[in-house]
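A, B, ... follow the sequence lines: proteins, then strands. Residue 1 opens every chain.
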Amino acid sequence: MPEKNFYITTPIYYPSGKPHMGHAYSSIIADVFARFKKIDGYKAYFLTGTDEHGLKIQREAKKNNKDPKKFCDELSITFKNLTKTLNLSNNDFIRTTEKRHYDSVKEIWERLEKSGDIYLGKYSGWYSVSDEAYYDEEEIIDENGSKKSKTSGSKVEWVEEESYFFKLSAWSNKLLKFYQENPKFILPVSRRNEVVNFVKKGLKDLSVSRTSFSWGIPVPSNKKHIIYVWLDALTNYISALKFPDTENKLYRDFWPADLHIIGKDILRFHAIYWPAFLLAAKIKPPKRVYGHGWILSDEKKMSKSLGNILDPLEIIKDYGVDQLRYYLIKEVSLGNDGSISLENLKNCINNDLANNFGNLCQRVFSFIDKNCDSKIPSPDKFNTRDKELSDEIIKKISDLKYMIDNQELNSYIKEVINFSFNSNKYFNDLEPWKLKKTNKVRMNTVLYCILNQIKSISILLYPIIPSSIEKIFDTLNLKKEELNIEQIKNLNLIVPGKIIKKSNILFKKIDNDN
RNA sequence: GGCGGGGUAGCUCAGUUGGUUAGAGCACAGGACUCAUAAGCCUGGGGUCGGUGGUUCGAAUCCACUCCCCGCUACCA
């Protein structure tokens, strides 16, 4: 029987600033998929990390009078801490300053050089020293004989720099063929169309080395050059699998990657450069790249000047990590930009988590505590209504898996929280508080059924709000190993007679004046 | 400018190949209940489906024109 393996990654983050909501969002999305696969019987490998080379870092390090590597150690730590704060289930954390990554990049470079996909040429253009940027012919203006940038107004000069190039131009047609043969390589579809149109217009060769700074991986055959950005950064996805050792178990099990989660801003690099590099190096490209949208604050990009920054660490401190995770997954449409606000966050927490699912757990646990001696009641036969309730979830399992496999997270979470709505209704309709006076056997059955629902909903919510769900499992005396999609079908998992452990309120309601 | 996506209840959005009184959640109003985090359940109000014209027995759904909004249009990640 073939193993069910799943490899998912986040972008590696450039640590020139502190972690923001965009980083948190990418990571949370990836974690939800990783955790789902892990409880669905897959051997899942989840990678995140930091991209630490480049001029910006080199300069910052110098400014702080620090060795670049030492400087990166400090920066990288804040991102590593973020994985803990967000409760990510990542299996590894890669840094582009590690030896394993150097080895991997070196190998890729040599393969590309050998295959003739890399050549030495000249990179030229209008360069502004103060902006540290090259400008296009259309982006500059001639003012009294001196050329200036239209946007910044700073002086530009014609600069020619020796540079290695990757023959990207030769890959246009092969890429188009690849997109056609793998229609879901780029998602969402709207992004795919953008990329395809872009490639159809023809690709230019890509500069892949620089001589203007030194903080990076040197070109093996020419130490004057540093391997530039994407060839360095993207390779992390295979460095972590011990490439170039393609015979080791990690690489054999997990490459090609199943899913790269990225922001739409770096889609092109992942959807064009990355498969081109890999194809040229005779390595299989990943199976899918998903470009999610941006998180906006009150319809606008977050910025210091607008004063609308929502800091993930602050929000987690004030509201809780599961609360933030749930909110971002539920309220932001994956693939589209989404506006978030504290107001919406509070509503979401109160409605879905506190009033709906949290209160469902609370009313049931508390009822059992008071009326069943705190012990899980023993059920009699399930009647039609009981079966309808549990069947509703069981019948949806394959649909839910399909949604996850197609990154339809919003549909997924809506279906799942809907089970909680229906469970509340069941509890209301069957009125166990009346049954306790008239029919205790039936009351016990109803309570057991509702516990089953809580268990099943919990399993499905686990990828999104893992730590809260672990608490529920603990309350129900269920083991971590039983946190598995398969157990939804098992209506006898919960053991009657065991004590329901005392639990605190799972999701506190947020006051308006808070 | 070019290519693409979208304009549906106060807000966020679903609406399959055109077919009976256009849906959900939130918000709002009323009702019955009381196990629970004053939570949950039931009922209700509210939309000329961006505009105009057309195809059709019949269009939010197809066609034309028009007005808005958004994305992409290469080497900062």
Peer 1: On a whole-Å scale, what distance lies between the P atoms belonging to C26(B) and A39(B)?
Peer 2: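 Result for the P pair: 13 Å, nearest Å.
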Peer 1: Does C3(B) have a Watson-Crick or wobble mate here (both distances under 3.5 Å), and if so which one?
Peer 2: G71(B)
Peer 1: Would you say N347(A) reaches U12(B)'s phosphate, i.e. side-chain N/O to OP1/OP2 under 4.0 Å?
Peer 2: no
Peer 1: I want to check something: taking the side chain as every heavy atom from C-beta on, are Y25(A) and L334(A) in contact at a cut-off of under 4.5 Å?
Peer 2: yes
Peer 1: For G25(B), which nucleotide is its Watson-Crick or G-U wobble mate, given both distances must be under 3.5 Å?
Peer 2: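 C11(B) - that is the nucleotide pairing with G25(B), both distances being under 3.5 Å.
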Peer 1: Under 4.5 Å between any side-chain heavy atoms of R363(A) and N428(A), yes or no?
Peer 2: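 Yes, their side chains come closer than 4.5 Å.
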Peer 1: Would you indicate, yes or no, if A39(B) has its OP1 or OP2 atom less than 4.0 angstrom from a side-chain nitrogen or oxygen of K509(A)?
Peer 2: yes
Peer 1: Can you check whether R191(A) has a side-chain N or O nearer than 4.0 Å to OP1 or OP2 of G5(B)?
Peer 2: no
Peer 1: Report yes if the ring of F367(A) lies under 5.5 Å from the six-membered base ring of C35(B) with planes under 30°, and no otherwise.
Peer 2: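 Ring-base stacking flag not set for F367(A) and C35(B).
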Peer 1: Under 4.0 Å: is that the gap between some side-chain N or O of Y228(A) and OP1 or OP2 of A77(B)?
Peer 2: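 Yes, because at least one side-chain N or O of Y228(A) sits under 4.0 Å from OP1 or OP2 of A77(B).
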Peer 1: Ignoring backbone atoms, test whether K425(A) places a side-chain nitrogen or oxygen under 4.0 Å from the OP1 or OP2 oxygen of C42(B).
Peer 2: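 Looking at the OP1 and OP2 atoms of C42(B), one of them is under 4.0 Å from a side-chain N or O of K425(A).
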Peer 1: Just call it for S190(A): base, sugar-phosphate, or nothing, with non-hydrogen atoms closer than 4.0 Å on any strand.
Peer 2: nothing
Peer 1: Go ahead and name the base partner of G58(B); Watson-Crick or wobble counts if both distances stay under 3.5 Å, otherwise write none.
Peer 2: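 Its partner is none (no Watson-Crick or G-U wobble pair with both distances under 3.5 Å).
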Peer 1: Within the structure, does a side-chain N or O atom of K330(A) lie under 4.0 Å from either OP1 or OP2 of C26(B)?
Peer 2: no
